[in-house]
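Each ligand, and each atom within it, is numbered from 1 in the order the structure gives. Bear in mind the structure is a predicted one, so any value in this text is a computation, not a measurement. Side-chain atoms are counted along with the backbone in the values below, which use heavy atoms only and exclude waters and symmetry mates.
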Amino acid sequence: MQDKPINILSIETSCDETAAAVVADGKIVKSSVIASQTRLHEKYGGVVPEIASRAHIEKIYPAIKEAMAQADVAKDDIDAIAVANQPGLTIALVIGVTAAKTLSFAWEKPLIAINHLHAHLQSAMLSEDNPQLPAVALIVSGGHTCLYDYHSPLTPKLLGSTIDDAAGEAFDKVATILKLPYPGGPNIEKAAEKGNQDAIKFPRSMLGPDSLDFSFSGIKTAVLYYCRGQDMKGENKVDSMSAQQIADIAASFQAAVIDVLVKKTQRAAKKINAKTVLLGGGVAANNKLRADLQKMCDNATPPRKLFVAPKQYCTDNAVMVASLAYHKFKAGLFANLTLEPKATG
Ligand code: KG4
Ligand code: ZN
């Protein structure tokens with residue numbers, strides 16, 4: 001007789017998406033609900049924590065209810081409640097953590113605490129399975145840019161991370177400079193499609209020959225100076241630029257960021273002799289990043305395999321939380337009702 005599947009109800013509120021999902025055995029997506037707050041933050045050009053927190057309070061219950069209804073499950077079908085409790089905006093995380101603890105207590109189900117970044121990493125496993133190990137994982141999001149040595153879902157080892165801005169944050173800030181709509185990443189990518197990536201030579205910060213850390217604040221400043229002059233006293237040239245000029249800046253900026261991401265991933269892959277490369281996080285939705293990493297993997301000797309998170313699970317979602325929680329469930333790694341949100345992780 002086949003084992004009964006393990007159904008996990010998962011919750012994600014680390015930033016500006018209120019998400020809930022039901023996933024069976026870490027892979028079979030029974031439902032995925034994402035209530036996006038993009039419209040609320042649009043006019044500020046970035047996420048406002050207080051607004052995010054209030055929106056989570058409003059949307060968390062409907063999101064959970066909808067996830068249960070879409071999956072066509074009742075509380076007795078749920079084996080555990082999982083929640084991303086770190087890293088993220090504490091006043092946003094606390095809403096998801098409180099909801100998960102309440103359900104765990106009321107329904108008498110085990111509670112599983114999930115690291116949001118490790119969940120992004122796990123999302124790369126949703127497209128395929130069983131990567132040849134060791135693998136190097138690049139996680140690129142709005143808040144983080146990290147390289148991991150991945151031997152198992154439960155113990156990824158951090159190899160390097162950003163010392164200032166995250167890659168997604170740089171996309172968002174440069175979009176603001178170029179007066180492109182929020183969120184910046186997809187709009188920079190769209191503008192870049194018509195641009196010449198060799199038009200402007202923006203700096204590529206490699207931080208020394210062996211470093212696996214990242215720095216993206218320099219390139220953001222370089223774009224700002226390009227548009228406002230070195231002393232920042234010149235008029236903002238963006239208003240008088242043609243669509244082609246904006247497209248060239250977007251393409252040149254995007255190429256520089258991706259160049260650094262790919263070279264550092266290659267460096268990390270060589271260091272740990274990786275057979276596989278994993279890619280996840282919001283910026284992983286970027287087609288050029290996906291294509292350039294694929295090229296890097298194909299050109300390696302021997303070639304490396306690339307596992308990329310499916311597009312709908314690149315940006316924040318609860319499916320990745322349930323997917324990782326399945327491994328913790330099997331390992332018996334449960335949290336208790338003293339669980340707290342944590343900004344770092
Ligand atoms: O993982 P995510 O949803 O949230 C965090 O955990 O931060 O990532 C959001 C980030 C934003 O900075 C957004 O601009 C970026 O991912 N992003 C992209 C693309 N789609 C989303 N960046 C570049 N190209 C894209 N197509
Ligand atoms: Zn994220």
Side-chain angles (χ1 to χ4, degrees), residues 10-19 32 34-38 41-42 44-47 49 52 56 83-90 92-93 96 114-124 126 137-146 161-162 165-178 180-193 195 197 214 216 219-220 250-251 253-262 279-293 308-321 323-324 343-345:
S10 56
I11 297 170
E12 155 64 45
T13 61
S14 66
C15 192
D16 61 341
E17 324 278 1
T18 316
S32 173
I34 303 174
S36 173
Q37 305 175 5
T38 303
H41 302 286
E42 210 165 30
Y44 304 102
V47 177
H56 286 312
V83 63
N85 75 310
Q86 67 179 108
L89 303 169
T90 329
L93 287 164
I114 293 296
N115 178 304
H116 175 88
L117 294 175
H118 297 175
H120 269 304
L121 203 171
Q122 187 62 27
S123 65
L126 285 162
L138 173 68
I139 302 306
V140 258
S141 74
H144 299 86
T145 305
C146 305
S161 60
T162 183
D165 290 356
E169 191 180 355
F171 269 88
D172 294 340
K173 286 178 177 166
V174 166
T176 306
I177 297 169
L178 296 179
L180 293 171
Y182 174 84
N187 286 302
I188 293 263
E189 177 171 26
K190 203 160 148 228
E193 277 164 21
Q197 65 171 42
F214 299 91
F216 292 112
I219 184 167
K220 175 196 66 188
F253 160 78
Q254 177 178 261
V257 170
I258 290 175
D259 199 16
V260 172
L261 291 173
V262 172
L279 173 65
V283 184
N286 185 286
N287 290 314
K288 180 171 164 58
L289 175 60
R290 294 160 93 98
D292 286 7
L293 266 183
V308 187
K311 278 213 172 164
Q312 71 269 36
Y313 304 128
C314 284
T315 43
D316 290 346
N317 65 89
V319 170
M320 64 184 191
V321 174
S323 181
L324 179 55
T344 55

Do the side chain of Ser123 and the main chain of His120 share a donor and acceptor less than 3.5 angstrom apart? yes
Report the name of the N/O/S atom of His120 located nearest to the Zn ion (ligand 2).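 Within His120, restricted to N, O or S, the Zn ion (ligand 2) is closest to atom NE2.
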N/O to N/O below 3.5 Å, does that happen between [X] and ligand 1?
X      : answer
Asp316 : yes
Gly142 : yes
Gly168 : yes
Gly282 : yes

Does [X] reach the side chain of [Y], with side-chain heavy atoms less than 4.5 Å apart?
X      : Y      : answer
Asn287 : Glu189 : yes
Glu169 : Phe216 : no
Asn115 : Pro87  : yes

Would you mind running through ligand 1 and noting each atom that sits below 4.0 Å from a heavy atom of Ser141?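 Those atoms are 1 (O), 5 (C), 6 (O), 7 (O), 8 (O).
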Closer than 4.0 angstrom: is that true for some heavy atom of His120 and an atom of ligand 1?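 Yes.
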Compute the angle centred on the Zn ion (ligand 2) spanning OD1 of Asp316 and NE2 of His116, and express it rounded to 10 degrees.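 Roughly 100°, rounded to 10°.
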Write down the atom of His116, the atom of Ala84, and the distance for their closest heavy-atom approach. CB-CB, 4.4 Å
